[in-house]
Engineer: 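I have a structure here, written as C-alpha cells, and I will follow up with some questions on it.
In this chain, residues are counted from 1 in sequence order.
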Amino acid sequence: LQVLRTSYDSFSAAVGGGIAYGSVPTLDIAGLDRELGAALDALDKIGSDGSRQLAQLLVAREAELVNARNWSLGGALFALLLAGYLFMGFNRSLKATLRGLARASAQLARGEFPEKINLRTVDEMQAIADELAKVGAQLRQFDEAQHAMMAQHEAGETEARIDDKSLPGAFGELARGVNSLVDGHIAVQERMAAVAGSYSRGDLAVVMDRLPGKRAALTAAMDQIRDN
C-alpha cells in the first residue's frame, strides 16, 4: 500500500508537471501494474487474515457460551437432584416421626404409659411427643395413686385417699371424684354398721337411711333385719 501511495504521488506530480510545461510524461505502465497487483494482494491478505481472526474469535466466543451454558445446566440439574434428595429424606423422616406418634397414642389408648417417647428428632414433632409423654406420666401417676389407695383399703386403712393436690387440672378433678365416690361408699358402710349395732343391742327405733337407686336394696335389707 505504501509503494502504491508513493507511485501514485509520483504519477500525480509527473502529470501535473507535464501539463504545466505542455509536455506529456512518460508512464511506467508495467511498474504501475506490478505495484497495483501487489497492493491488491496485500488487501486480499488483510481481508483473509481479518476473516480468519474473526472466525477464530467467533469460535472461541461460541465455545465460552457453550461452556457457560453447560455449567448453568449442570448447576441447575445438581440443585434439582439435591432438592429431590432432601425432600425424600424429609418425607421419610416425617413418616417415621408420625409412626412414632401413632405408636405412642396407641399405647396410651391401651392403658400403657411410656416414660419417654423418643422420635430421634429435635423439631416440633419431638416437642409434641414430649407433651404426649407428660400426659402419659400424669395418667401413670393417677393410676399408681389409685392402686396405692386400693392396697391401703384392703389392709384396713379405709381413710386413705388419693392426693388430688399433686395432680394438675383435670387429673386432680378425677382424683377428687374418686375420693368423693370412696367417701360415699365408706359413709354407707359405716351407717349400716351403726344401724346393725343398734339392732344388736335391741334398739329397733333406729331406721336405716332411705338410699337412692340400687342402694335402696341396702335400706330394704336393713329394714328386713329390724322387722325380723
Side-chain angles (χ1 to χ4, degrees), residues 89-228:
F90 171 76
N91 190 40
R92 288 195 298 269
S93 175
L94 181 60
K95 287 182 177 179
T97 299
L98 292 176
R99 284 195 296 268
L101 287 175
R103 285 193 300 269
S105 300
Q107 284 181 294
L108 291 176
R110 293 193 302 267
E112 301 173 5
F113 312 123
E115 294 184 2
K116 177 67 176 177
I117 304 173
N118 188 6
L119 300 179
R120 297 181 180 179
T121 181
V122 294
D123 57 9
E124 290 79 2
M125 290 296 184
Q126 184 59 55
I128 295 174
D130 292 340
E131 293 302 319
L132 194 60
K134 290 179 182 178
V135 174
Q138 296 297 337
L139 289 172
R140 183 171 61 252
Q141 182 181 354
F142 179 73
D143 181 65
E144 291 173 352
Q146 284 190 102
H147 283 83
M149 183 183 67
M150 290 170 55
Q152 287 177 303
H153 278 245
E154 290 178 357
E157 300 295 334
T158 57
E159 294 181 356
R161 299 291 184 273
I162 298 175
D163 182 9
D164 58 272
K165 293 183 176 57
S166 65
L167 297 170
F171 296 108
E173 292 293 332
L174 286 173
R176 284 187 285 275
V178 171
N179 289 339
S180 179
L181 182 63
V182 172
D183 289 339
H185 283 296
I186 296 298
V188 170
Q189 293 176 6
E190 289 177 348
R191 178 57 180 168
M192 290 177 63
V195 172
S198 298
Y199 293 162
S200 66
R201 294 191 299 270
D203 183 5
L204 301 180
V206 179
V207 178
M208 182 62 188
D209 299 342
R210 304 295 98 178
L211 299 175
K214 293 186 176 181
R215 286 186 175 184
L218 299 176
T219 301
M222 297 305 293
D223 290 344
Q224 185 66 40
I225 293 173
R226 183 194 59 186
D227 295 339
N228 291 336

Engineer: What distance do E144 atom CD and H147 atom NE2 have between them, rounded to the nearest 0.5 Å?
Structural biologist: 9.5 Å
Engineer: For the atom pair NZ (K134) and CG (L139), what is the distance rounded to the nearest 0.5 Å?
Structural biologist: 14.5 Å
Engineer: Would you name the heavy atoms of T158 and H153 that are closest together and state the gap between them?
Structural biologist: O-CE1, 3.2 Å
Engineer: Distance-only, no hydrogens or angles: does the N228 side chain make a donor-acceptor pair with backbone N or O of Q224 under 3.5 Å?
Structural biologist: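 The answer is yes, because a donor-acceptor pair under 3.5 Å joins these two groups.
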Engineer: Can you sort out the partners of A175 under side-chain contact (heavy atoms from CB on, under 4.5 Å), two or more places apart, ordered by chain and number?
Structural biologist: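 Per chain and number, A175 pairs via side-chain contact (heavy atoms from CB on, under 4.5 Å) with F142, I162, D164, L167.
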Engineer: Check whether S180 reaches the backbone of G177 with its side chain - one donor and one acceptor, N or O, closer than 3.5 Å.
Structural biologist: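 Checking the backbone N and O of G177 against the side chain of S180, no donor-acceptor pair under 3.5 Å is found.
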Engineer: Measure the spacing between CD of Q146 and CG of L174 and express it to the nearest 0.5 Å.
Structural biologist: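 Separation between the atoms: 8.5 Å.
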Engineer: With rounding to the nearest 0.5 Å, note down the distance linking CD in Q189 to CZ in R191.
Structural biologist: 14.5 Å
Engineer: To check you understand the geometry: which heavy-atom pair defines the closest contact between D209 and T219, and what is its length?
Structural biologist: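 Distance-wise, the nearest heavy atoms are O-OG1, 2.7 Å.
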Engineer: Which pair of non-hydrogen atoms, one from Q152 and one from A160, has the smallest distance, and what is that distance?
Structural biologist: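 Taking Q152 first and A160 second, the nearest heavy atoms are OE1-CB, 3.1 Å.
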Engineer: Sequence neighbours excluded, which residues qualify as salt bridge (charged side-chain N to carboxylate O under 4.0 Å, His left out) partners of R201?
Structural biologist: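 Partners of R201 under the salt bridge (charged side-chain N to carboxylate O under 4.0 Å, His left out) test: none.
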Engineer: Locate the shortest heavy-atom distance separating M208 from Y199; write the atom from each residue and the value.
Structural biologist: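 Between these two residues, the closest heavy atoms are N-OH, 4.1 Å.
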Engineer: Strictly below 4.0 Å, N to O, side chains only: are D223 and R210 in salt-bridge contact?
Structural biologist: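 Salt bridge between D223 and R210, a charged N being under 4.0 Å from a carboxylate O: yes.
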Engineer: Just how far is it from atom OG of S198 to atom CZ of R226, taken to the nearest 0.5 Å?
Structural biologist: 12.0 Å
Engineer: Looking at every heavy atom in both N179 and R161, which two are closest together, and how far apart are they?
Structural biologist: OD1-CB, 3.5 Å
